[in-house]
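Below is one structure; the comments refer to it alone.
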Amino acid sequence: MPELPEVEIARRNLVRWFDGRRLVRAEADDTRIFRGAERQRFSELSGRLESLVRRGKYLLFAFEGGRGLMGHLGMTGKFVRRTEGHVEPYSRARFHLDDGHVIHFSDPRMFGRMEPAPAAALRVLDSVKLLGRDPLADGLTAGQLQAAVGSSRKPLKVALMDQERLAGLGNIHAAEALFRAGLHPSREPGSLTSDEWKRLVQAIRATIDFGLKEQEGEEPVYLEEGRSENPFLVYGRAGGPCSQCGTAVESFTQGGRTTHFCPKCQPRSGVHAPKPRAGKR
DNA sequence: GATAATGTTGGAAG
DNA sequence: TCTTCCAACATTAT
């Protein structure tokens, strides 16, 4: 369920877990997380973790000896640290460290991905090289946001989730950022005023900061796991009161994903009349 | 049982 | 060719 903040927390945890330690054995099950990649090269990884870079929702591992790994958590992937001998459910790949710990890549739905590649080649992997600016790693100004997203003719929220325009926002955090900015998800990117771009860039920062605070800790905490209440401002609150004005939060489908918004705090000004949707056959 | 879920991709349809 | 839509991936939770 990882979007930028969750992946960044995963990165920080991994850096901490690897700090001062050596990878003594890497092994992975034969599952679809490798897609077309060469799984056997996963087991060639070893030694110190020299760098771990996050680009959007992707993690780029560089190990001693120039070997590397691209990782993506998909919808349900996570890295957890266990002691040697523990059986981790849905563990798909494992890093055995020299301190008795095993870092598992656990992913029940296997939407995540692993691709071993020379460390120097990671940034030019097809899926990585096309990524847009990363708001946290690269910084983001209102002008840069406008340049990246303003030319899209898709609805604003869909454009924000386009990883080639802006890397890292997913369904939850795009909705949250739009709520914070008071912008309707269906706004046309080209119609935003410079004041609205400023509001949006600040909202994106606030959303990411909130997500980082929300997720920090030893274990990845996802919404459905032991989370007593929904920590988000609008996401998942359809039918409930808006946290700001009390109006009922609404939801609709956009770009194949469910979008939540407050009709009062996020007015439709500037929205084109909704295109009549073709009925399904 | 039906439905939907924090992501990405590939192919069909327009 | 470009854009849009949708199924697929595999599992859990409501």
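Order of the sequence lines sets the chain letters (A, B, ...), proteins ahead of strands, with each chain counted from 1. Hydrogens, waters and symmetry mates play no part in the numbers below; they use all other heavy atoms, side chains included.
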Candidate nucleotides dA10(C), dA4(B), dG7(B), ranked by approach to the side chain of E3(A) - the nearest: dG7(B)
What is the separation between atom CG on D107(A) and atom P on dC9(C), rounded to the nearest whole Å? 15 Å
Strictly by modelled atom types, are R165(A) and S151(A) linked by a side-chain donor-acceptor pair under 3.5 Å? yes
Would you indicate which nucleotide in dA10(C), dA5(B), dT9(B) comes nearest to any side-chain atom of Y235(A)? dA5(B)
Between dA5(B) atom C1' and F232(A) atom CZ, what is the distance in whole Å? 12 Å
Taking the side chain of R109(A) as heavy atoms from C-beta outward, which of dT11(C), dT8(B), dT3(C) is closest to it? dT11(C)
If a pair means Watson-Crick or G-U wobble with both distances below 3.5 Å, what does DNA chain B look like in dot-bracket form, with | marking bases paired to a different strand? .||||.||||||||
Do we count F111(A) as stacking onto dC9(C) if the rule is ring centres under 5.5 Å and planes under 30°? yes
T76(A) side-chain N/O to dA5(B) phosphate OP1/OP2 under 4.0 Å: no
M110(A) CE to dT9(B) P, straight-line distance once rounded to whole Å: 18 Å
Between CD1 of I33(A) and P of dA8(C) the distance, given in whole Å, is 23 Å
Counting the atoms with a prime plus P, OP1 and OP2 as sugar-phosphate, which does G256(A) contact under 4.0 Å by heavy atoms, base, sugar-phosphate, or nothing? nothing
With sequence neighbours left out, write down each residue that passes salt bridge (Lys or Arg N to Asp or Glu O under 4.0 Å) with D29(A), or none if nothing qualifies. R94(A)
Between atom CZ in R257(A) and atom P in dG7(B), what is the gap in whole Å? 5 Å
Using the side-chain heavy atoms of K154(A), tell me which of these nucleotides is nearest: dT4(C), dA10(C), dG7(B). dT4(C)
Is there any side-chain hydrogen bond (donor to acceptor under 3.5 Å, both in side chains) pair reaching into residues 166-177 of chain A, and which pairs are they, with sequence neighbours excluded? E6(A)-H173(A), K157(A)-N171(A)
Out of dT3(C), dA5(B), dG7(B), which nucleotide sits closest to the side chain of R153(A)? dT3(C)
Round to a whole Å and report the spacing from NE2 of H72(A) to C1' of dC9(C). 14 Å
Please, which pairs that meet side-chain hydrogen bond (donor to acceptor under 3.5 Å, both in side chains) have at least one residue in residues 60-75 of chain A, sequence neighbours excluded? R22(A)-E64(A)
Can you tell me the distance, in whole Å, between the CZ atom of F105(A) and the P atom of dA10(C)? 14 Å
Cluster link L136(A) to I204(A), ILVMFWY, side chain under 4.5 Å: yes
Taking only distance into account, with no hydrogens and no angle test, what donor-acceptor pairs under 3.5 Å do side-chain atoms of residues 122-131 of chain A form with protein atoms, sequence neighbours excluded?
residue	atom	partner	partner atom	Å
D126(A)	OD1	K129(A)	NZ	3.3
S127(A)	OG	R113(A)	NH2	3.4

Contacts of R11(A) meeting salt bridge (Lys or Arg N to Asp or Glu O under 4.0 Å) (sequence neighbours excluded), chain-then-number -> E8(A)
Checking F18(A) now: which residues fulfil ring-ring contact (aromatic ring centres under 6.0 Å, His included) with it, not counting sequence neighbours? F63(A), F95(A)
R35(A) side chain near dT9(B) phosphate (N/O to OP1/OP2, under 4.0 Å): no
In the hydrophobic clustering that connects Ile, Leu, Val, Met, Phe, Trp and Tyr at side-chain heavy-atom distances below 4.5 Å, which members other than V102(A) occupy its cluster, ordered by chain and number? none
So, is the end of the R92(A) side chain (NZ or CZ) under 6.0 Å from the ring centre of F34(A) and within 45° of the ring's axis? no
Enumerate the residues from residues 114-134 of chain A whose closest heavy atom to DNA chain B is under 4.0 Å, giving them by residue number; use none for an empty result. S127(A)
In whole angstroms, the gap separating P of dC9(C) from CZ of R92(A) amounts to 15 Å
